[in-house]
Amino acid sequence: MELTRRDAMAIGACAVVATAVPFQASAATEAAMAFTGGAEPTEGGVTLTTPEIAENGNTVPIAVDAPGAVAIIIIAEGNPDPKTAEVAFGPMAGAQSISMRIRLAGTQNVVAIAKMADGSFVQASNAVKVTIGGCGG
Amino acid sequence: MASGVKPRVKVPKSAAAGSSITIKTLISHKMESGRRKDKQGNLIPRSIINRFTCEFNGQPVVEVAMEPSISTNPFFQFDAKVPESGEFKFTWYDDDGSVYEAAKSIEAT
Amino acid sequence: MKNKSLNGVFGLVAVTTFAIGTVSVWAETAPKPAKLVVNDESEMVTEVKPAEGISHLATAYDGWRFRASETQAVQSDDFENPGMIFVEQALDNWNKVDGTEGKSCASCHGAPEESMVGVRASYPKWDETMGKVATIEMEINNCRTTRMGAEPWKYTGGEMTTMNALISVQSRGMPVNVAIDGPAQSAWEHGKEMYYTRTGELELSCASCHEQHYGDKIRAETLSQGQINGFPSYRLKNGKLNSIHARFKGCVRDTRAETYKPGSQDFVDLELYVASRGNGLSVSGPSVRN
């Protein structure tokens, strides 16, 4: 197979995209690492509720429930500022759960990591599809 | 942004002593992300509420560190314990130094 | 024998498909059944059979019916509905003295909970002193300029739209009932003509989307019937209350046509006609849309 100039350019363009993506992921990873101090969270023990398809990315309702957690971080992996909220539960919290409305810049994973009372970390992750509006967005 | 910001909180007037209640809060705020540009192409500076706290009789219920990915007119819903009669205090902290407060008392029955 | 009966089944399927294809000329799709009950107490009428001669709709549906369940839930609770914060803000303006006459809205109209009940349900309507069909926005600015000696508000501006929401919510649950006869008739007919006239580079009329294709997707979004009984409308997209004429302008722009001006008599006439298409639906604003 012979590479044409056009093929080479296409490969070049892909390479640019490929380097851009890990940069995004790393901002999300950094936010997670700062919260966990480098510990690897396990799956389960936290319930993240999100719509499968968001009607509008500007206002997406989400809920996190992590019984026994002392704090929760919410990360929108594909946002320019992935760290979305860090919630600390005090002694007067009736449950370790919170609902809020967040912005999603596009279809992406939303991650919730909870810090448990024993210092361990658990996480849940949901994909949310963000659609483009029909009438000028 | 200090003008026209309206905090709203919804707390039941009474609850059984020792039970948990659901609280909802909503505050009018643009939550300007610092990522948008105006018509001239200049970046609009970030201006958000960056912290929210709820206390009951001086004891923390929740504290939220808020980032630009929180939607316009921030909304939170969470649960709180009501061991005794008292007052919930809600505070929102704006990037510009403004502090918005609301308080609701509840009777434990 | 077995083959024969199978043929019979296939034949039946084919006939059914054909029948569905001929019953409906267009591809309008009814929304899923759902009840809009605000604050667990007030049920809104979200579907109604329109009177003869107004439109080609078999059933008029509140735009709420076409939204995702998460968005529907936000409108069902006045606390969760961010549009209601702006109603509270408007109440401050209602009581605020403005202009050379030293008056506020409250000076003449008292409490909106008493004086404004039913107003939104009947507007736009013929205003004898103005000698034309008027919208609530026009009445507000008429009050401001002639009675208060104050500057008029921008037609689609924040003060105006939030005040309209404060007035609208006083009629919530009441059926839309705009008059289309008498002195309003020619305006209504002009509005109707506008509704069915294709405009813009895309050659779309209001009816192209909102009568012939409601319930269908336009890109990833579900088209509503474009009913206006829920306005002003809090949009998730821009986090504020949006007025009817701002929405009209957006729609006309999207057909790639030169738009009319918000507050122009053309848009007032169109508003009267579109309102009449929803006669019988509950006034349900401030609504929540995407």
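So that the names make sense, note that chain A is the first sequence line, chain B the second, and so on, each numbered from 1. Side-chain atoms are counted along with the backbone in the values below, which use heavy atoms only and exclude waters and symmetry mates.
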note = d(A:Ile75 CD1, B:Glu67 CD) to nearest 0.5 Å is 10.5 Å

task = Tabulate, in ascending numerical order, the residues of residues 59-68 of chain A having at least one heavy atom closer than 4.5 Å to a heavy atom of chain B, or enter 'none'.
result = A:Thr59, A:Val60

task = Working to the nearest 0.5 Å, report the span between CZ of B:Arg35 and CG of A:Asn79.
result = 9.5 Å

message = Give the interface residues of residues 101-109 of chain B toward chain A, defined by a heavy-atom separation under 4.5 Å.
response = none

query = At a heavy-atom separation under 4.5 Å, does B:Leu26 approach chain A through its side chain, its backbone, both, or neither?
reply = side chain

key: Residue-level contacts of residues 83-109 of chain A with chain B, using a heavy-atom cutoff under 4.5 Å   = A:Lys83, A:Thr84, A:Ala85, A:Glu86, A:Val87, A:Ala88, A:Phe89, A:Gly90, A:Pro91, A:Met92, A:Ala93, A:Gly94, A:Ala95, A:Ser97, A:Ile98, A:Ser99, A:Met100, A:Arg101, A:Ile102, A:Arg103

inquiry  = Other residues, nucleotides and ligands only: do more than 12 of their heavy atoms fall within 6.0 Å of NZ on B:Lys6?
reply    = yes

inquiry  = Need one label for B:Pro74: side chain, backbone, both or neither, based on atoms under 4.5 Å from any heavy atom in chain A.
reply    = neither

query = For chain A, which residues of residues 55-63 of chain B have at least one non-hydrogen atom nearer than 4.5 Å to it?
reply = B:Phe56, B:Gln59, B:Pro60, B:Val61, B:Val62, B:Glu63

request  = Determine whether the side chains of A:Asp81 and B:Ser69 contain a donor N or O and an acceptor N or O closer than 3.5 Å.
outcome  = no

ask   = In terms of heavy-atom pairs under 4.5 Å, which option from B:Ser19, B:Ser71, B:Ser20 contacts chain A the most?
value = B:Ser71

